[in-house]
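Computation of the quantities below employed the complete heavy-atom set of this structure, encompassing side-chain atoms and omitting hydrogens, waters and symmetry-equivalent molecules. Each chain gets a letter, A, B and so on, in the order its sequence line appears, and its residues count up from 1.
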2 protein chains.
Amino acid sequence: MSRNENRPLTLRDVSEASGVSEMTVSRVLRNRTDVSQATREKVLKAAKQLGYVPNKIAGALASQRVNLVAVIIPSLSNMVFPDVMTGISGVLENTGLQPVVGVTDYLPEKEEKVLYEMLSWRPSGVIIAGLEHSDASRAMLRAAGIPVVEIMDVDGTPIDTMVGISHRRAGREIGNAIVKAGYKRIGFMGTKMPLDHRARKRFEGFTQALAKGGIEVADQEFYSGGSALAKGREMTEAMLKRTPDLDFLYYSNDMIGAGGLLYLLEQGRDIPAQIGLAGFNGVELLQGLPTQLATMDACRTEIGRRAAEIIVARIQTPDDDIPTRIELTPTLSYGDTLRRG
Amino acid sequence: MSRNENRPLTLRDVSEASGVSEMTVSRVLRNRTDVSQATREKVLKAAKQLGYVPNKIAGALASQRVNLVAVIIPSLSNMVFPDVMTGISGVLENTGLQPVVGVTDYLPEKEEKVLYEMLSWRPSGVIIAGLEHSDASRAMLRAAGIPVVEIMDVDGTPIDTMVGISHRRAGREIGNAIVKAGYKRIGFMGTKMPLDHRARKRFEGFTQALAKGGIEVADQEFYSGGSALAKGREMTEAMLKRTPDLDFLYYSNDMIGAGGLLYLLEQGRDIPAQIGLAGFNGVELLQGLPTQLATMDACRTEIGRRAAEIIVARIQTPDDDIPTRIELTPTLSYGDTLRRG
DNA sequence: GTGAAAGCGCTAACAT
DNA sequence: ATGTTAGCGCTTTCAC
């Protein structure tokens, strides 16, 4: 019971308690091999007994090395980003690197703030969602002098490296499948997010594919906030009241799609013969529904994994050949709600 | 184009570019008021032009202050913790404090590792889920000398401060409501998580309440992994095959409850007359279902908010009277799946 | 295998 | 309102 003041312990305390120089204590605690077994044991015992926790701030300043990877994403409550995080964490697990998450709420100004905040901790790398950033953000990322991986999207030019899928192509593919299946009167429902560029690109690809088949979106509605499942239900009901002859509903995400699906099942609609549906994202949730919604997997976990692998490689073996653009291919599942063409 | 080496910028660079001393530059960048307007502008201009991002590592070491709050939770993919995070972020937003998230996957060893990792960055406070921790974790938390708030649960003794609900009581309340409604043959489905202490406590309270009414759980099943909605469906089907005379199903979370509910609706069962259901958590998702599942709100956002408020108060006004135990009261919603007694 | 000295980039404390 | 000095707790480097 020697430590009465409420001061965090330092290397010096461990040094004094063990009778070994600070320098050697530091070596032991960093698992360096050039220390005798006897000394090592003495030190570890003292450190453990004192309850010493190293000060990474001092260590990082001295070594100019920080084992953090900044991960900057729009939202956590989305189902998609937790999956991406799973991929990232899995890869970083035993590399000595640690992910640190920042959330932007789809706001460029907040992204800028979060990025500034994170970069000021001098992380070893950055994984950031999307290719659209403010000029200031791009400048910061470039100036940081660390590996930067932009994820989710490949429709654009990366600052450094990118891993993702083409949302424009994904939208086109769904559009093509719908045209091929012979649906004619298409309704679209999605988030009212001018800042969700990936949703926008999917929609662009979608309308483009329909246009090629000589079809236009017959009705559309955008929402924001609230329970996505409930919104899907409400919007679907409203849209079909407004435009009863629709024979296909395309939803910008699976959650609202599931809401719509449940509603239509309740109504006893004949799916997919009389009316078809499709969502986007391949969320695990869908597997519990009575009928499988047609959807497209966004390769979320793999995107996380590949991005983290690039960061690790760039840090640990910077001279290797490391890819700078990875485009993954999402697969369309027809489920039970989309006729095959 | 003067900076060719790939060295991050320092205060000194800004000082030289602006012709103002390092110290004054530091004052400007920390928004201190004791700087003349003219100097301030000179400095800001230089900093912006160079693209200077301060080094928080050095700043933290010098000032012995770190504006981070460690938030340690079992999982992100749970629906519950994103809500807690929302509460925390909302409060910290304009306090200058920043949450940093660590995930334990419900594993005590991982909790210990994550905690050690985070504490080594010397955060200003810790918010950690649950009251059950390894001895080493408890020792670290106590030795850290910073405010520690344990959240979610109040059935136990906190290290420092706690904010949550009584899961034992929550389980009892649902149990009582079931007994009172006259259900007799009860089935239970939940996660196979010996380490999810809160689920365990709910189950304990639940069986205790039933016992008082002279009832025992007639069948039970535990699962792990997979889509919760799908699991709920499968388990429900299996259990009713095995024990067809059940008249109530209690699920340890809303997601599996929703799966069960969808299955029973499909089967055309008479809910809640012939068979009743209840879940736990009040997830937003439920609002999109055709029938409202009985559930109990776990006050997630408020728990996050209150915990963050305590941290902020302890840091900013340590002399104020700050509560150390906050028990929130979850409310039972009967929805459409639980008869009123 | 171990230790001593210097310094990482900033800020506290004290000048002026 | 601005500058000077010392030092935060480590690691790097070099000496032994």
Side-chain angles (χ1 to χ4, degrees), chain A residues 3 5-44 46-47 50 52-67 96 117 119-124 144-145, chain B residues 3 5-44 46-47 50 52-67 96 117 119-124 144-145:
Chain A
R3 192 170 65 99
E5 340 149 33
N6 204 1
R7 163 184 64 76
L9 294 159
T10 68
L11 263 191
R12 168 173 228 109
D13 295 307
V14 181
S15 165
E16 282 168 4
S18 62
V20 176
S21 79
E22 273 188 57
M23 195 51 238
T24 301
V25 171
S26 167
R27 287 193 179 99
V28 172
L29 294 171
R30 278 178 296 146
N31 274 317
R32 298 198 31 168
T33 49
D34 52 353
V35 184
S36 76
Q37 192 55 33
T39 313
R40 156 171 270 104
E41 277 163 18
K42 248 193 301 186
V43 169
L44 287 177
L50 292 172
Y52 173 70
V53 176
N55 186 329
K56 289 223 182 194
I57 297 169
L61 184 60
S63 67
Q64 307 278 58
R65 251 192 298 277
V66 178
N67 65 340
E117 203 68 27
L119 289 179
S120 70
W121 287 101
R122 302 286 188 264
S124 297
Chain B
R3 192 169 66 97
E5 341 149 34
N6 204 3
R7 164 184 63 77
L9 294 159
T10 68
L11 264 191
R12 168 172 227 110
D13 296 307
V14 182
S15 166
E16 282 168 4
S18 63
V20 176
S21 79
E22 275 188 54
M23 195 53 233
T24 300
V25 171
S26 166
R27 288 192 178 98
V28 172
L29 295 171
R30 278 177 296 148
N31 273 317
R32 296 196 32 169
T33 50
D34 52 352
V35 184
S36 75
Q37 192 55 32
T39 313
R40 165 179 310 289
E41 277 162 18
K42 247 193 302 186
V43 169
L44 288 176
L50 292 172
Y52 172 71
V53 175
N55 185 329
K56 288 222 182 195
I57 297 170
L61 184 60
S63 66
Q64 308 277 56
R65 251 193 300 277
V66 178
N67 65 341
E117 204 66 27
L119 288 179
S120 70
W121 286 101
R122 302 286 189 265
S124 296

Could you tell me the separation between the [atom1] atom of [X] and the [atom2] atom of [N], rounded to a whole number of Å?
X      : N      : atom1 : atom2 : answer
A/R32  : C/dT2  : CZ    : C1'   : 12 Å
B/R122 : C/dT11 : CZ    : P     : 19 Å
A/L61  : C/dG9  : CG    : P     : 7 Å
B/N67  : C/dC10 : CG    : P     : 15 Å
A/W121 : C/dG9  : CH2   : P     : 16 Å
A/E22  : C/dA5  : CD    : P     : 12 Å
B/N31  : C/dT11 : CG    : P     : 12 Å
B/L29  : C/dA12 : CG    : C1'   : 17 Å

Quiz item: Does OP1 or OP2 of C/dT2 have a side-chain N or O of A/S36 closer than 4.0 Å?
Solution: yes
Quiz item: Does B/S63 have a side-chain nitrogen or oxygen under 4.0 Å from the phosphate oxygens OP1 or OP2 of C/dC10?
Solution: no
Please write out each protein N/O paired with an N/O of nucleotides 13-16 of chain C under 3.5 Å, distance rounded to 0.1 Å.
none

Self-check item: Residue list, side chain to side chain contact (heavy atoms under 4.5 Å, CB included) with B/A58, at least two apart or on another chain
Solution: A/L61, B/N55
Quiz item: Side chains of A/W121 and A/V66: closer than 4.5 Å at any heavy-atom pair?
Solution: no
Quiz item: Looking at side-chain heavy atoms only, is the closest gap between B/T24 and B/R32 below 4.5 Å?
Solution: no
Practice problem: Using a 4.0 Å heavy-atom cut-off across all strands, classify B/D34 as base, sugar-phosphate, or nothing. | Solution: base
Exercise. Between C/dG9, C/dT11, C/dG3, spot the one nearest the side chain of B/A58, thanks.
Key: C/dG9
Quiz item: Starting at the 5' end of DNA chain D and moving along, which residue's nearest nucleotide shows up first, A/P54 or B/T39?
Solution: B/T39
Quiz prompt | Toward the 5' end of DNA chain D, by each residue's nearest nucleotide, A/R65 or A/I57 | solution = A/I57
Practice problem: Extract, from 5' to 3' on DNA chain D, the first and final nucleotides lying under 4.0 angstrom from some heavy atom of chain B. | Solution: D/dA1 to D/dG9
Practice problem: Taking only Lys NZ, Arg NE, NH1 and NH2, and the carboxylate oxygens of Asp or Glu, determine whether A/D34 and A/R40 approach each other closer than 4.0 Å. | Solution: no
Practice problem: Say whether, by atom type as modelled, one donor and one acceptor occur between the side chain of A/S120 and the main chain of B/K56 under 3.5 angstrom. | Solution: no
Quiz prompt | Side-chain donor or acceptor of B/S63 paired with backbone N/O of B/G59 under 3.5 Å | solution = yes
Exercise. Evaluate the criterion side chain to side chain contact (heavy atoms under 4.5 Å, CB included) for residue pair A/V43 and A/V35; output intermediate values, then yes/no.
Key: CA-CA 11 Å; A/V43 169; A/V35 184; over 6 Å; no
Quiz item: Are B/R30 and B/S26 linked by a side-chain donor-acceptor pair shorter than 3.5 Å?
Solution: yes
Quiz item: Roughly how far, to the nearest 0.5 Å, is the NZ atom of A/K42 from the OG atom of A/S36?
Solution: 7.5 Å
